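Source: prediction; values computed, not measured.
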Amino acid sequence: MAARSHYQELARQLSAVGAVKRGLARTLPPECPAGSAAVLALLAEHGEMRISRLAELLAVDMSVTSRHVAHVAERGWIERSPDPADKRSRILRLTSAGGEQLDELSRRTTEMFAQRLIDWSDDDVGRLNTLLSRLRDSFACRGSGECLPGKHSGDCRTRHFEHSHTRTPM
């Protein structure tokens with residue numbers, strides 16, 4: 001277990017991550033705010049789904065999810081079609097225009113990180129990715145009470161990974 005002072009410094013550092021998130025948000029085009037970008041990213045990663053599943057993955061309530069879905073549907077980035085199993089529900093699918101928009105968002109965020117981290121080595125960026133993923137897993141596993149970080153089964157890691165996405169596209 002790390003020293004208490006390390007945890008205090010970690011808390012300070014994580015609170016400063018807001019500046020990074022604001023920088024990421026500034027790279028997004030005005031017509032595609034972070035919530036819309038998250039919808040596109042999740043549909044690209046998980047495939048078609050009902051809006052209730054999307055709300056779970058976004059970790060927001062249905063009214064917020066509905067607004068995000070309406071926004072991206074109006075722009076033709078997703079389509080909503082009747083669910084064959086339940087005609088009252090809709091299945092959401094990413095369209096080719098949505099895939100193109102997501103590619104553009106990815107290009108923008110990748111470019112922003114490449115510019116800001118130009119003095120970082122590949123190893124540094126890789127270590128940061130590994131440690132941030134591990135931090136996210138620690139919170140997902142501890143929060144559920146189902147497993148301990150570093151000791152969880154693949155099933156636990158997979159189940160919690162779905163619920164641990166951030167709300168930014170990349």
Could you tell me if the side chain of [Y] sits less than 4.5 Å from the side chain of [X], heavy atoms only?
| X | Y | answer |
| --- | --- | --- |
| R50 | D86 | yes |
| L94 | E48 | no |
| W77 | L43 | no |
| S81 | R90 | no |

Below 3.5 Å, can you tabulate the donor-acceptor pairs from side chains in residues 27-40 to any protein atom, sequence neighbours excluded?
unit_1: T27; atom_1: OG1; unit_2: L24; atom_2: O; d: 2.5

Intermediate values then yes/no, side chain to side chain contact (heavy atoms under 4.5 Å, CB included), L131 and L135
CA-CA 6 Å; L131 291 171; L135 177 66; over 6 Å; no
OG1/T95 to CG/L102 distance, rounded to the nearest 0.5 angstrom?
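The OG1 atom of T95 sits 10.5 Å away from the CG atom of L102.
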Results of side chain to side chain donor-acceptor pair (under 3.5 Å) for S5 - residues two or more places apart only:
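Partners of S5 by the side chain to side chain donor-acceptor pair (under 3.5 Å) criterion come out as none, since no residue qualifies.
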Could you check whether S63 and D61, counting side-chain N and O atoms only, form a donor-acceptor pair closer than 3.5 Å?
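Side chains of D61 and S63: pair found under 3.5 Å.
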Going by salt bridge (Lys or Arg N to Asp or Glu O under 4.0 Å), name the pairs with one or both residues in residues 65-76, residues two or more places apart or in two chains.
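Pairs touching residues 65-76 that pass the test: none.
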Which heavy atom in L42 sits nearest to a heavy atom in M49, and how many Å separate them?
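Closest approach of L42 to M49: O-CE, 3.9 Å.
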Could you list the residues that satisfy salt bridge (Lys or Arg N to Asp or Glu O under 4.0 Å) with D103, not counting sequence neighbours?
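Not a single residue meets the salt bridge (Lys or Arg N to Asp or Glu O under 4.0 Å) criterion with D103.
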Under the salt bridge (Lys or Arg N to Asp or Glu O under 4.0 Å) test, residues paired with R26 that sit two or more places apart:
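Listed in chain order: nothing, the list is empty.
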Is there a side chain to side chain contact (heavy atoms under 4.5 Å, CB included) between E79 and I91 once you walk through the steps?
CA-CA 8 Å; E79 63 182 21; I91 298 291; over 6 Å; no
All side chain to side chain contact (heavy atoms under 4.5 Å, CB included) counterparts of S66, not counting sequence neighbours:
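For S66 the side chain to side chain contact (heavy atoms under 4.5 Å, CB included) partners, ignoring immediate neighbours, are I51.
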Taking NZ, NE, NH1 and NH2 as the nitrogens, is one of them in R134 or D137 under 4.0 Å from a carboxylate oxygen of the other?
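Judged by the 4.0 Å cut-off on N to carboxylate O distance, R134 and D137 do not form a salt bridge.
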Going through the distances and angles, do E111 and R108 end up as a salt bridge (charged side-chain N to carboxylate O under 4.0 Å, His left out)?
CA-CA 5 Å; E111 200 171 279; R108 287 174 180 237; over 6 Å; no
